[in-house]
Engineer: 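I'd like to ask you about the structure that follows.
Counting convention: from 1, in listed order, for ligands and their atoms alike.
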Amino acid sequence: MTEAVQNRPAIGVAVLGMGNVGAEVVRILEENADDLRARVGAPLEIRGVAVRDLSKPRKIDSALLTTDAAALVARDDVDIVVELVGGIDPARELIRTALTGGKSVVSANKALLADYTGELAGAAADAKVDLYFEAAVAGAIPVIRPLMQSLAGDKVERVAGIVNGTTNFILSAMDETGAGYDETLAEAGRLGYAEADPTADVGGYDAAAKAAILASIAFHTRVTAADVYREGITEVTADDLAAAKKFDCTVKLLAICERVVGDGGERVSARVYPALVPLSHPLASVNGAFNAVVVEAENAGRLMFYGQGAGGAPTASAVMGDLVMAARNKVHGGRGPLESTYAELPVASIDDVPTRYYVSMRVADRPGVLAQVAGEFSKRAVSIAAVRQEGAGDDARLIVVTHRAPDRAQSETVAALEDMDAVIKVSSVLRMEGTDD
Ligand SMILES: NC(=O)C1=CN([C@@H]2O[C@H](COP(=O)(O)OP(=O)(O)OC[C@H]3O[C@@H](n4cnc5c(N)ncnc54)[C@H](O)[C@@H]3O)[C@@H](O)[C@H]2O)C=CC1
Ligand SMILES: N[C@@H](CC=O)C(=O)O
Ligand code: NA
């Protein structure tokens, strides 16, 4: 190491939260201190770590611990704040205070960034500091930086993939070993994949927040979590996974962000739902807590990003990448990319987006039922791609897979089927993705 690097003043780092991710960030900062100093051009020194419970045993010098996150953020010797407490409050205020006080911020907080990137990025721009959040989407996988920087000269058409590790872990286990939903969710919590409130995972809220962040960056348009159509995996059953197999498919919770062009011009669709995916599609073999994001751009074509989407160490890797970037900028000058929302595209309703449906229903076992069911689809111009009939008598089941049609036509057909005398129960409705038709 050159003498100049050795003598540069240290960059002071405050870490807020020492849970799954924060503890790994602290470990890497301590274990890799020499390499980090060489890469940044100055030492990275932890000034303090904000925690809730001082009595908990932790692998850190206890003199660095504090329960007063606000005071830590305000310290003059802190240059960069790493926010890993999660949630909206007090994270939002802590980040805002840090930015307005001239500190760069690194955060993994997708719930916050999905709704407040505008406010926070504005504060960062005003104070001429950085706001980095690579860890907020798909854990360790570099996806924010490629979209913001590597593809800044291209036109992104679509970003789609598996962006929640917990639900992918649950669906994979249900599919592969028949493991139960509750026990697998508890295991995801123990492994540090699940959110503090796992409803965010299984309800699709976490994936929706990530979809909002991805869509905003990909389409240079501000998209918030409320703009994202969302369904979780709580209704997906072992029967659905078994039925999917009969169509050479599996079930994945997908986040899809794409440009849709219709009568009203170009719009942005952002949506999250469990969907049948053909086994031959690359996303079908993404299992466990792994994530994968497929980006389609006008000139680059199709790019696929794959890796660990959740867990303390993988997520900390992404946080550390951002921390090194922010620290280099402090040492050598320069700034990270600013928020870009110039395109201001309107957000499309799910009703207008062309989707494919898989509908499984218990039906009366009598002549003419298939024709009546088919009639409801055809009335709404929804074309049927495949029909499978199973069982007989009280157990007669009809499974219909459609071609693409506006989602409104598909959902209205399902509502009409539910009202038919011949249909005893519509037991499952899922969309199908990863096919061209
Ligand atoms: N665990 C994962 O796989 C991933 C997590 N994230 C995000 O990273 C952030 C942290 O996640 P985890 O470490 O898993 O959560 P966690 O719940 O394990 O850790 C958060 C820690 O912050 C502490 N905390 C909360 N409020 C505080 C306050 N006001 N002052 C001091 N400490 C406070 C909590 O006591 C807890 O120890 C969240 O925003 C999460 O969404 C992002 C990607 C992956
Ligand atoms: N709970 C999240 C953690 C990473 O973002 C997930 O399961 O993906
Ligand atoms: Na990432």
Engineer: For ligand 2, note which part of Thr315 has a heavy atom under 4.0 Å away: side chain, backbone, both or neither.
Structural biologist: neither

Engineer: So is Asn291 polar-close to ligand 2, meaning N/O to N/O under 3.5 Å?
Structural biologist: no

Engineer: Mind checking side chain to side chain donor-acceptor pair (under 3.5 Å) for Asp130 and listing every partner two or more places apart, or none if nothing turns up?
Structural biologist: Asn329

Engineer: Consider ligand 2: state whether an atom of it lies below 4.0 angstrom from any non-hydrogen atom of Gly139.
Structural biologist: no

Engineer: Can you tell me if Asp197 and Thr199 form a side-chain donor-acceptor pair at under 3.5 Å?
Structural biologist: yes

Engineer: Counting only nitrogen or oxygen atoms and a 3.5 angstrom limit, does Gly311 reach ligand 1?
Structural biologist: yes

Engineer: Listed by chain and number, what are the side chain to side chain donor-acceptor pair (under 3.5 Å) partners of Asp89, not counting sequence neighbours?
Structural biologist: none

Engineer: Can you find an N or O of Ala69 that's nearer than 3.5 Å to an N or O of ligand 1?
Structural biologist: no

Engineer: Around atom 8 (O) of ligand 2, find the nearest protein heavy atom and jot down its residue, atom name and distance.
Structural biologist: Gly165 N, 2.7 Å

Engineer: Work out whether the distance between some heavy atom of Val51 and some atom of ligand 1 is less than 4.0 Å.
Structural biologist: yes

Engineer: Suppose the cut-off is 3.0 Å; which protein N/O/S atoms would you list for the Na ion (ligand 3)?
Structural biologist: Glu134 O, Glu134 OE2, Val137 O, Gly139 O, Ile141 O

Engineer: Just by distance, with hydrogens left out, do Thr355 and Arg404 show a side-chain donor and acceptor under 3.5 Å apart?
Structural biologist: no

Engineer: With a 4.0 Å cut-off on heavy atoms, is Pro90 touching ligand 1?
Structural biologist: yes

Engineer: So is there a nitrogen or oxygen of Asn20 less than 3.5 Å from a nitrogen or oxygen in ligand 1?
Structural biologist: yes

Engineer: Would you mind checking which non-hydrogen protein atom is closest to atom 7 (O) of ligand 2, with the distance to 0.1 Å?
Structural biologist: Thr166 OG1, 2.6 Å

Engineer: When you measure from the side chain of Asp322 to the backbone of Val106, do you find a donor-acceptor pair of N or O atoms at a distance under 3.5 Å?
Structural biologist: no

Engineer: Any side chain to side chain donor-acceptor pair (under 3.5 Å) pairs touching residues 248-258, not counting sequence neighbours?
Structural biologist: Arg158-Glu258, Asn168-Lys252, Asp175-Thr250, Lys252-Asn287, Glu258-Arg271

Engineer: Looking at His281, His403, Arg356, which hits side-chain hydrogen bond (donor to acceptor under 3.5 Å, both in side chains) with Thr435?
Structural biologist: Arg356

Engineer: State whether the side chain of Asp227 and the backbone N or O of Thr224 hold a donor-acceptor pair below 3.5 Å, judged by distance alone.
Structural biologist: yes

